[in-house]
> 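Before anything else, here's the structure in question.
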Amino acid sequence: MDKSAETTPPDGSRSPGPRLRKSFFARSVHEVAPDLIGATFLVNGVGGIIVEVEAYDQTDPAAHSFRGPTPRNAVMFGPPGYTYVYLSYGLNWCVNFVCQAAGSAAGVLLRAIEPTHGLAAMRRRRGVTDAKALCSGPGKLCEALAITKALSELPIDRSPIALHARSGGAEIATGVRIGLTKAVDLPWRYELKGSKYLSKRF
DNA sequence: CTCTTGATCTTCT
DNA sequence: GAAGATCAAGAGC
């Protein structure tokens, strides 16, 4: 009764899979990024299904790690399975998961989430009511989940963070990354095809 | 609907 | 001193 490849719901009706461990991130960022689409990400019980991410690696002129370690990006040069949170344009926090291996400095940027847990808290923090506006961007989702520098450099397999694998399959689309001035043509953005909760309408 | 602009401040050169 | 992995509001069509 469930061979509906074409009537697959945007997501949210599927139950989360097993909890992810740090080892999930110990491989190429270009394998991890698409596998994160459909995963469930919660901070203190608030969050939802990851529907859009972008990959960055050390060979990438757009990556924060491209020019080598600095105090800000140091965690990217450490072991995989940790958060890297930074302040964008002086206003918005953005969160990444460190991938690959110590020294390789690759990460996945979370760009959009389909809200499923703690909608009331998200609406309060964001000051908007439309579910499609709560987590449809890297800065928005951090505000909705109350992610700040205090959540940086934390392991992804321990409270207050919970990450669960996608349980079934997912139809994934790719595209160029958003908001960059360098390496603008690399197709390293991944999204859940047809989701109504992406950072833009494509 | 699309396009443009201002806010705001940390980081690195 | 300039740039930046963004967002929201306002103008124009």
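Excluded from the calculations below are hydrogen atoms, water molecules and symmetry mates; all remaining heavy atoms, backbone and side chain alike, are included.
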> With the side chain of A/Asn92 defined as its heavy atoms from C-beta on, choose the nearest nucleotide among C/dT6, B/dT11, C/dA5.
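My answer, after comparing the listed nucleotides, is C/dT6.
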> Starting at the 5' end of DNA chain C, which residue's closest nucleotide do you reach first, A/Asn96 or A/Arg126?
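Nearest nucleotide further toward 5': that of A/Asn96.
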> Taking the side chain as every heavy atom from C-beta outward, state whether A/Pro155 and A/Thr83 have any atom pair closer than 4.5 Å.
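The answer is no, as the side chains (C-beta and beyond) never meet within the 4.5 Å cut-off.
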> According to a hydrophobic-cluster definition based on side-chain heavy atoms being under 4.5 Å apart (Ile, Leu, Val, Met, Phe, Trp, Tyr only), do A/Val128 and A/Ile113 belong together?
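As far as the 4.5 Å side-chain criterion goes, A/Ile113 and A/Val128 are connected within one cluster.
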> Please state how far atom CD in A/Glu52 lies from atom P in C/dT6, giving the value in whole angstrom units.
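The distance from CD of A/Glu52 to P of C/dT6 comes to 11 Å, rounded to the nearest Å.
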> Salt-bridge test for A/Glu191 and A/Lys193: reply yes if a basic N is under 4.0 Å from a carboxylate O, no otherwise.
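Not counted as a salt bridge, because no side-chain N and carboxylate O are separated by less than 4.0 Å.
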> Hey, can you pull the residues of residues 138-149 of chain A with a non-hydrogen atom under 4.0 angstrom from DNA chain C?
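Within this stretch, A/Pro138, A/Gly139, A/Lys140 sit under 4.0 Å of the strand.
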> Please report the distance, rounded to the nearest Å, between CG in A/Asp57 and C1' in C/dA5.
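Nearest whole value for this atom pair: 14 Å.
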> Below 6.0 angstrom between ring centroids: does that apply to A/Tyr84 and A/Tyr56?
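Ring centres of A/Tyr56 and A/Tyr84 not closer than 6.0 Å.
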> Paired with C/dG1: which nucleotide, if any, by Watson-Crick or G-U wobble criteria at under 3.5 Å for both distances?
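Answer to the pairing question: B/dC12, which forms a Watson-Crick or G-U pair with C/dG1.
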> Is any NZ, NE, NH1 or NH2 atom of the basic residue among A/Glu143 and A/Arg125 found under 4.0 Å from an Asp or Glu carboxylate oxygen of the other?
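A/Arg125 and A/Glu143: not salt-bridged.
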> Quick one: label A/Arg111 by what it contacts on the DNA or RNA (base, sugar-phosphate, nothing), any heavy atom closer than 4.0 Å.
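A/Arg111: backbone/sugar contact only, no base atoms under 4.0 Å.
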> Please give, in whole Å, the distance from C/dA5 P to A/Lys200 NZ?
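Going from A/Lys200 (NZ) to C/dA5 (P), I get 14 Å.
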> How close or far is atom P of C/dG4 from atom OH of A/Tyr56, stated in whole angstroms?
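About 12 Å, once rounded to whole Å.
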> Which comes earlier along DNA chain C counting from the 5' end, the contact point of A/Ser136 or that of A/Thr181, where each point is its nearest nucleotide?
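Upstream on the strand: A/Thr181.
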> Check each residue of residues 77-91 of chain A for a non-hydrogen atom within less than 4.0 Å of any atom in DNA chain C, then write out the ones that pass by number, or none.
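Only A/Tyr86, A/Ser88, A/Tyr89, A/Gly90 qualify.
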> Whole-Å distance between B/dT13 C1' and A/Arg72 CZ?
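Taking CZ of A/Arg72 and C1' of B/dT13, I get 13 Å after rounding.
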> Pair A/Tyr82, A/Leu154 - check side chain to side chain contact (heavy atoms under 4.5 Å, CB included), show working.
CA-CA 5 Å; A/Tyr82 289 79; A/Leu154 296 184; 5.8 Å; no
> Any ion pair linking A/Arg21 and A/Asp157 (charged N to carboxylate O, less than 4.0 Å)?
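So A/Asp157 does not pair with A/Arg21 through a salt bridge.
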> Round to a whole Å and report the spacing from CG of A/Asn73 to C1' of B/dC12.
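Rounded to the whole Å, the gap is 11 Å.
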> Under 4.0 angstrom, heavy atoms only, what part of the nucleic acid is A/Leu109 near: base, sugar-phosphate, or nothing?
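Base contact.
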> Whether A/Asp185 and A/Arg177 form a salt bridge (side-chain N of Lys/Arg under 4.0 Å from carboxylate O of Asp/Glu) is what I want to check.
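Result for this pair is no, no salt bridge flagged.
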> If I take atom CG in residue A/Leu110 and atom P in nucleotide C/dT6, what distance separates them, rounded to the nearest angstrom?
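Rounded to whole Å, this separation is 13 Å.
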> So, does A/Asn73 use its side chain to make a donor-acceptor pair with the main chain of A/Gly68 at under 3.5 Å?
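Yes.
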